[in-house]
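Since we're looking at a predicted model, the values are computed, not measured.
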Amino acid sequence: MKKKYMKILNQDDVMEIYLLLDKLNEIFHDPDRSGDINIIQKFGDTYYPVIHKLYYETVWNSLTIEQRKEILGEDYDHKTHGQYD
C-alpha cells in the first residue's frame, strides 16, 4: 500500500481552524483586550492544546512535501519529519 504524505483537511479540521481564528480575531480586534495579560494568559491556557494539534498535526500533515522542504530546508525527509497514513 502506498503511503500518502499529505492529509486533506476535512470539515472538522476546517471548523477547528475557523473557531481558533475566530477567538484570535475576537481578542486581537480590540486593542484593550489584546493588551490585557489576563485575557492573553487565559487564551493560552485554554487554546494551546488546539494550537499544538493544529500546528504539529493537522496543518503540518496537510502541507505538500515541497512546502515542508521549503519550511525545513532541502534536508527534509518524510521518514524523520512525519508522514500521514
Side-chain angles (χ1 to χ4, degrees):
M1 180 168 126
K2 185 176 180 180
K3 300 264 186 203
K4 294 188 281 181
Y5 299 110
M6 185 178 143
K7 177 185 178 195
I8 304 302
L9 294 177
N10 62 39
Q11 289 181 348
D12 291 337
D13 295 333
V14 173
M15 181 59 85
E16 193 169 39
I17 292 167
Y18 173 80
L19 292 173
L20 176 63
L21 290 172
D22 184 58
K23 191 63 174 178
L24 285 165
N25 185 58
E26 177 186 317
I27 292 171
F28 291 104
H29 181 73
D30 180 350
D32 291 332
R33 289 176 56 81
S34 64
D36 186 328
I37 191 67
N38 293 322
I39 290 173
I40 301 302
Q41 184 66 49
K42 184 177 177 184
F43 172 82
D45 292 344
T46 302
Y47 285 92
Y48 185 73
V50 173
I51 293 167
H52 184 274
K53 177 183 172 277
L54 290 173
Y55 183 81
Y56 287 104
E57 296 174 27
T58 306
V59 174
W60 178 256
N61 289 334
S62 297
L63 296 172
T64 65
I65 299 283
E66 291 75 23
Q67 290 169 318
R68 293 177 191 187
K69 285 181 178 180
E70 185 177 332
I71 292 166
L72 296 176
E74 287 301 317
D75 61 343
Y76 172 80
D77 175 5
H78 71 272
K79 292 178 183 118
T80 57
H81 291 99
Q83 60 190 22
Y84 181 79
D85 294 310

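Using a 4.5 Å cut-off on side-chain heavy atoms (C-beta onward), R68 and N61 make contact. A heavy-atom distance below 4.5 Å is not found between the side chains of Y47 and L24. Residues I17 and L20 have side chains not in contact (no heavy-atom distance under 4.5 Å, counting atoms from C-beta outward).
Pairing each heavy atom of L9 with each of S62, the nearest pair is CD2-OG, 3.1 Å. Closest approach of D32 and D30 over heavy atoms only: N-OD1, 2.9 Å. Considering all non-hydrogen atoms of both residues, N38 and D36 come closest at N-OD1, 2.8 Å. When all heavy atoms of Y55 and W60 are compared, the closest pair comes out as O-CB, 3.4 Å.
Side-chain heavy atoms closer than 4.5 Å link hydrophobic residues (I, L, V, M, F, W, Y) into clusters, and following such links, possibly through other members, connects L54 to L21. I27 and I37 are not part of a single hydrophobic cluster, where members link through side-chain heavy atoms under 4.5 Å apart. Hydrophobic clustering places F43 together with F28 (ILVMFWY residues linked when any side-chain heavy atoms are closer than 4.5 Å, directly or through intermediates).
Each of T58, V59, I8 was compared with D13 under the side chain to side chain contact (heavy atoms under 4.5 Å, CB included) criterion, and only T58 meets it.
The structure places CD1 of I51 at 11.0 Å from CD of E16, a figure rounded to the nearest 0.5 Å. For the atom pair CD1 of I40 and CZ of R33, the computed distance is 8.5 Å after rounding to the nearest 0.5 Å.
Within 6.0 Å of NZ in K42 there are 12 or fewer heavy atoms belonging to other residues, nucleotides or ligands.
Judged as a ring-ring contact (aromatic ring centres under 6.0 Å, His included), and not counting sequence neighbours, the contacts of Y48 are H52.
Between K23 and E26, at least one side-chain nitrogen of the basic residue sits less than 4.0 Å from a carboxylate oxygen of the acidic one, meeting the salt-bridge criterion.
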